[in-house]
> 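The structure that follows is given in the form of structure tokens.
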Protein chains: 2
Amino acid sequence: MLDALGDPTRRAVFELLAAGPRSVAEIAADLPVSRPAVSQHLKVLKEAALVSSTAVGTRRVYTLDPRGLAAVRGYFEQFWQQALAAFADAVENPPEEDQ
Amino acid sequence: MLDALGDPTRRAVFELLAAGPRSVAEIAADLPVSRPAVSQHLKVLKEAALVSSTAVGTRRVYTLDPRGLAAVRGYFEQFWQQALAAFADAVENPPEEDQ
DNA sequence: CGCATCGGAAAGCCTAGACTTACCGTTCGT
DNA sequence: ACGAACGGTAAGTCTAGGCTTTCCGATGCG
């Protein structure tokens, strides 16, 4: 899930699709990698349920998949709550002997 | 940012810290990797502003950093909106010729 | 009916980076 | 002051995986 978004190129694909559905070739046109590379990234994203594809003739149109997006959103929402609570304790004695 | 959370071990460190502050050795004790490995992961997480450290004697206590957490939360919130809008269009003609 | 386009699969290369061991500086305890 | 514990750094190894080129099946078009 987050493994899929760990790669910069894959994240670029993901962000391109956020702007709207696109075919494989159209995605590759905006990226500095070859079309097969994009295909491989899309496969990973699809397995992570972050994108889904639709066959239109010989073209495959990819779209963001709300399922994976909801999952990852929930993941961080969960930690957000915990971190907030833990942070509330720390505001009293600011621990700034960092770095 | 998301690069940092792309690695499974690093994500494990992150999730351990979500349960509460911990020293390096305490983190390493719950993971199948050596202590220096944990140190290296913490360095990456710190550079991504996902954790912060506090010196307590010779120990370094690490905590989740709300800054990075807020950033990553905002990142997905942004795409969540876009995906929702794009998804609203697609519900009418269900594109299910997938896989 | 081929010819062209689109996209996934296979094979191979090559670098990024995750991990280990070894070492050293720093701080605490006695 | 000395020894021990904690943790960051350095150096080196080794694998995962990102990318390319090549190829092939499938669909649309003339």
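Values in this document were obtained by computation on a predicted structure and should not be read as measured data. Because only heavy atoms are used, hydrogens play no part in the values below, and waters and symmetry mates are left out as well, while side chains stay in. In the text below, chain A, chain B and the rest are named by the order of the sequence lines, each starting its count at 1.
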> Is any side-chain nitrogen or oxygen of Y62(B) closer than 4.0 Å to OP1 or OP2 of dC6(D)?
no
> So, does S34(B) get its side chain near the phosphate of dT20(C), meaning an N or O under 4.0 Å from OP1 or OP2?
yes
> Is there a donor-acceptor pair closer than 3.5 Å between any side-chain N or O of R11(A) and the backbone N or O of L5(A)?
yes
> Go through dT20(C), dT20(D), dG7(D) for me and flag the one nearest to the Q40(A) side chain.
dT20(D)
> Return each pair, listed once, that meets ring pair (Phe, Tyr, Trp, His ring centres under 6.0 Å) where at least one residue sits in residues 18-45 of chain A; pairs must be two or more places apart or across chains.
none
> When the distance from CG of L42(B) to C1' of dA18(C) is rounded to whole Å, what number comes out?
14 Å
> Taking for each residue the nucleotide of DNA chain D bearing the nearest heavy atom, is the 5' side occupied by V33(A) or by V61(B)?
V61(B)
> What does the B/S/- profile of nucleotides 22-30 of chain D look like, 5' to 3', with a 4.0 Å heavy-atom cutoff to protein?
B----SS--
> CZ of R22(B) to CG of D30(B): how many Å apart, nearest 0.5 Å?
5.0 Å
> Sub-3.5 Å donor-acceptor pair from the side chain of R35(A) to the main-chain atoms of A25(A), do we have one?
no
> Could you list the residues that satisfy side chain to side chain contact (heavy atoms under 4.5 Å, CB included) with Q78(B), not counting sequence neighbours?
Q82(B)
> Pull out every residue in residues 12-29 of chain A that has a heavy atom closer than 4.0 Å to any atom of DNA chain D, ordered by number, or say none.
none
> Can you list, by residue number, the residues of residues 3-11 of chain A that have a non-hydrogen atom closer than 4.0 angstrom to DNA chain D?
D7(A), T9(A), R10(A)
> Take V51(B) and L17(B) through the test side-chain contact (heavy atoms from CB on, under 4.5 Å) and record every step on the way to the result.
CA-CA 8 Å; V51(B) 306; L17(B) 289 179; 3.7 Å; yes
> Out of curiosity, does V13(A) fall in the hydrophobic cluster containing Y75(B) (side-chain heavy atoms, cut-off under 4.5 Å, transitive links)?
yes
> Just the rounded figure in Å: distance from P of dC19(D) to CG of L31(A).
9 Å
> Going through the distances and angles, do E77(A) and F76(B) end up as a side-chain contact (heavy atoms from CB on, under 4.5 Å)?
CA-CA 10 Å; E77(A) 210 60 42; F76(B) 285 111; over 6 Å; no
> Do we see a donor-acceptor contact under 3.5 Å between the side chains of S53(A) and K46(A)?
yes
> Could you go through the side-chain contact (heavy atoms from CB on, under 4.5 Å) check for I27(A) and V33(A) one step at a time?
CA-CA 10 Å; I27(A) 296 169; V33(A) 297; over 6 Å; no
> Please lay out, stage by stage, how L50(A) and L64(A) fare under the test side-chain contact (heavy atoms from CB on, under 4.5 Å).
CA-CA 6 Å; L50(A) 286 166; L64(A) 283 201; over 6 Å; no
> To the nearest angstrom, how far is K43(A) atom NZ from dG17(D) atom P?
13 Å
> Could you tell me whether the side chains of Y62(B) and E26(B) share a donor-acceptor contact shorter than 3.5 Å?
no
> If the cut-off is 4.0 Å, is H41(B) near the phosphate of dG17(C), judged by side-chain N/O to OP1 or OP2?
no
> For the rings on F14(A) and F79(B), is their centre-to-centre separation under 6.0 Å?
yes
> Mind grabbing the angle between the end helix axes of the helix from dC1(C)-dG30(D) to dT30(C)-dA1(D)? Five pairs an end, 10° rounding.
30°
